[in-house]
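Working notes, structure below.
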Amino acid sequence: MQRIEEIINALAIEAIEVSWNIKVPQEIVQIQKTRKEFQGDYTLVVFPLLKLSRKPPEETATRIGAYIENHSPMISGFNVIKGFLNLVVSHSFWREMLEGELRQAAHGKVPLSESSARVVIEYSSPNTNKPLHLGHIRNILLGHSMAQILSASGRRVHQVNLVNDRGIHICKSMLAWEKQGKGETPDTSGMKGDHLVGKYYVAYDKVYKSQVKELLDNGSPQKTAEAEAPVLLEAREMLLNWESDDPKVRALWEMMNSWVYAGFDETYRRLGIGFDRTYYESETYKLGKSLILKGLEEGVLYSRDDGSVWANLEDEGLDHKLLLRSDGTSVYMTQDVGTARQRFGEFEFDSHIYVVGNEQNYHFQVLALVLKKLGYEWADRLYHLSYGMVELPEGKMKSREGTVVDADDLMDEMERTARQMSEELGKLDEYGEEEKSRIYRQVGMGALKYFILKVDAKKNMTFDPRESVDFNGNTGPFIQYTYARIKSLVRKGSGIPRKAGETPLVDKEVGLIRMMYDYPEVIQDAADSLNPSLLANFLYELAKEFNQYYHDYSILSAEKEELIHLRLLMVEVIGQVIESGMELLGIEMPERM
RNA sequence: GGCUCCAUAGUUCAAGGGAUAGAAUAGCGGUUUCCUAAACCGUAGAUACAGGUUCGAGUCCUGUUGGAGCUACCA
């Protein structure tokens, strides 16, 4: 069925054409939702039309309004304020919507078909040398919710992860473990694997820093000191040995990586996410290297005297970019070229989304250009979902200063707070420990996820631990609590029929139905703009609107039978929409809390 | 130096070029014989600065100031 905005739009064009006998360009008509403080549902802004009508705004608006009211049974009235034509949609239309479309469990979601666009979305993409932190959490939550949202918007989505399991950073942890580890393992230390490996990465850095300092004190220039610290040279050599398949290095690498993967899997499970496919850089980097060498042969890339290979991007307004080191080893860009090519071969995607922080904007710009240079016309199907950094109130997270918020610790903390809040309120005292734990987990994780997803992805955000454990206001638990109250009503009203009937609707009800009618559009907007915050904020508004309704009107003890039927239907449908939307954000909803 | 992004109540966030810039939180003051008070209501408080485009600018353009990121043979 056609959206009512489109119907109004078409009628408005018709009205102008009939009234003033002129042709109207489509884009000039803008329909928007009427602001709360005015009477009406949809508003036509007539200012842009004055050039055509050559009449004052009020007269123009009134004529269009009268025409629309006469030609559509869905419009039951209108009013004109300055240059704004506010149209009132009939209650019978809203009642039909509530009882029909909105009530469907799949409301808002577009089913998949043969022609659905194929989307690959890559996120998480951790390094195997340190545990996940708050920044990764933002990445993972954005990636996972975008995958759900894109899927709901009718795209065929493949979620993939690319593990950066090779490169000099891995060698650094390995080196430190070899030198200082004394055979320590997750089992012997009791540490989660990723945390254990992260410990040795830090240990490496400590040695490196002190060696650099020593060189500086002996009179080396800064640059030389940083490039020639003995421990760095050792790491370089280890990387070379790794690339030439040295069995000893490989065995160490595999052992330490397996620790890390076990740790990551645990964190992923807790966050409620999973991937359709996981790629390992160690398996893909060689393809990149061969593509680069092919590009060199074809003359679209060039090599320097020392054997390193470069792309000249001056024509594109950028500088020169290294693609292979002089020792022949790959850099980050090299393997990304390879994985992109491989992915296209596997999925023939219509678009490929990389969820990566905005500090890599330049990298993805270059990646597309290099792929273009290599002759891949699908290079412009790559999108970078570039999100801002997560900062703490005291500034950036710095691992060296110990101000990194660890993902696992944070999740523990959120669940602990949920437990504490709930126990203070005493609402779950009658339930068993198992159910209580599940609810604490849902609420704690809901708080964390919503806190991060409500912020526009592309913006930097501040994570204030104090504020994050405040479960009042614009928070996940607020929406969950609203949902729990809805479910309570639905339980108490079981057996009572739910139907719209013929009763007039109060303004709050019209407002709520109109919001739910917008839900499909919100999903599409969030999908198109790669921004889950649109959905998060919509759900908050809906929950808030419901809480006011709930406060002002009795549901189960309304004055008349048919009011109870109508309101119970309202409540049930609102619950469905909230649950559906929160699911797209990856947030579980408790039946009670 | 060059390139990119950002600047909105004390604080954290909203606002598809449109009406009186919305919320939350912190502050102050209220609401429970009534469906879950993790709720609801009231009060006070903001577009960095200077120009420009437009019927209309927080939003677009130019400049200034302030902040972040990138500009690595790190990933």
L425(A) or R35(A), whichever maps to the more 5' nucleotide of RNA chain B: R35(A)
Presence of donor-acceptor pair under 3.5 Å, side chain of N86(A) and base of rA19(B): yes
Test of ring centre spacing under 6.0 Å for F38(A) and F84(A): no
Candidates rC35(B), rC70(B), rG22(B) - which lies nearest the side chain of Y550(A): rC35(B)
Below 4.0 Å: OP1/OP2 of rU20(B) and any side-chain N or O of K82(A): yes
Sugar-phosphate, base or nothing in reach of T43(A), heavy atoms under 4.0 Å: base
Separation of the C1' atoms in rU32(B) and rA44(B), to the nearest angstrom: 26 Å
Paired nucleotide for rU62(B) [Watson-Crick or G-U wobble; both distances under 3.5 Å]: rA50(B)
Residue mapping more 5' on RNA chain B - nearest nucleotide basis, D464(A) or Q360(A): D464(A)
Ring-face cation of K454(A) near F451(A) (centre distance under 6.0 Å, axis angle within 45°): yes
From rA15(B), rU25(B), rC70(B), nucleotide with atom closest to N472(A) side chain: rU25(B)
Salt-bridge criterion met for D518(A) and R3(A) (N-O under 4.0 Å): yes
Any-strand Watson-Crick or G-U partner of rG45(B), both distances under 3.5 Å: none
Ring centres under 6.0 angstrom apart (Y280(A), Y261(A)): yes
Residue T462(A), side-chain heavy atoms: nucleotide from rC13(B), rC40(B), rA75(B) that is nearest: rC13(B)
Side chain proximity check, Q335(A) to T339(A), heavy atoms < 4.5 angstrom: yes
rA15(B) to rA7(B) separation - C1' atoms, rounded to the nearest Å: 16 Å
Given rA15(B), rA72(B), rC35(B), the nucleotide with the shortest approach to the side chain of L534(A): rA15(B)
Inter-nucleotide C1' distance (rU59(B), rA26(B)), Å rounded: 29 Å
Sugar-phosphate, base or nothing in reach of V45(A), heavy atoms under 4.0 Å: base
Sugar-phosphate only, base, or nothing, as touched by E541(A) at under 4.0 Å among non-hydrogen atoms: nothing
Touch class at under 4.0 angstrom, heavy-atom based, for R567(A) against every strand present: nothing
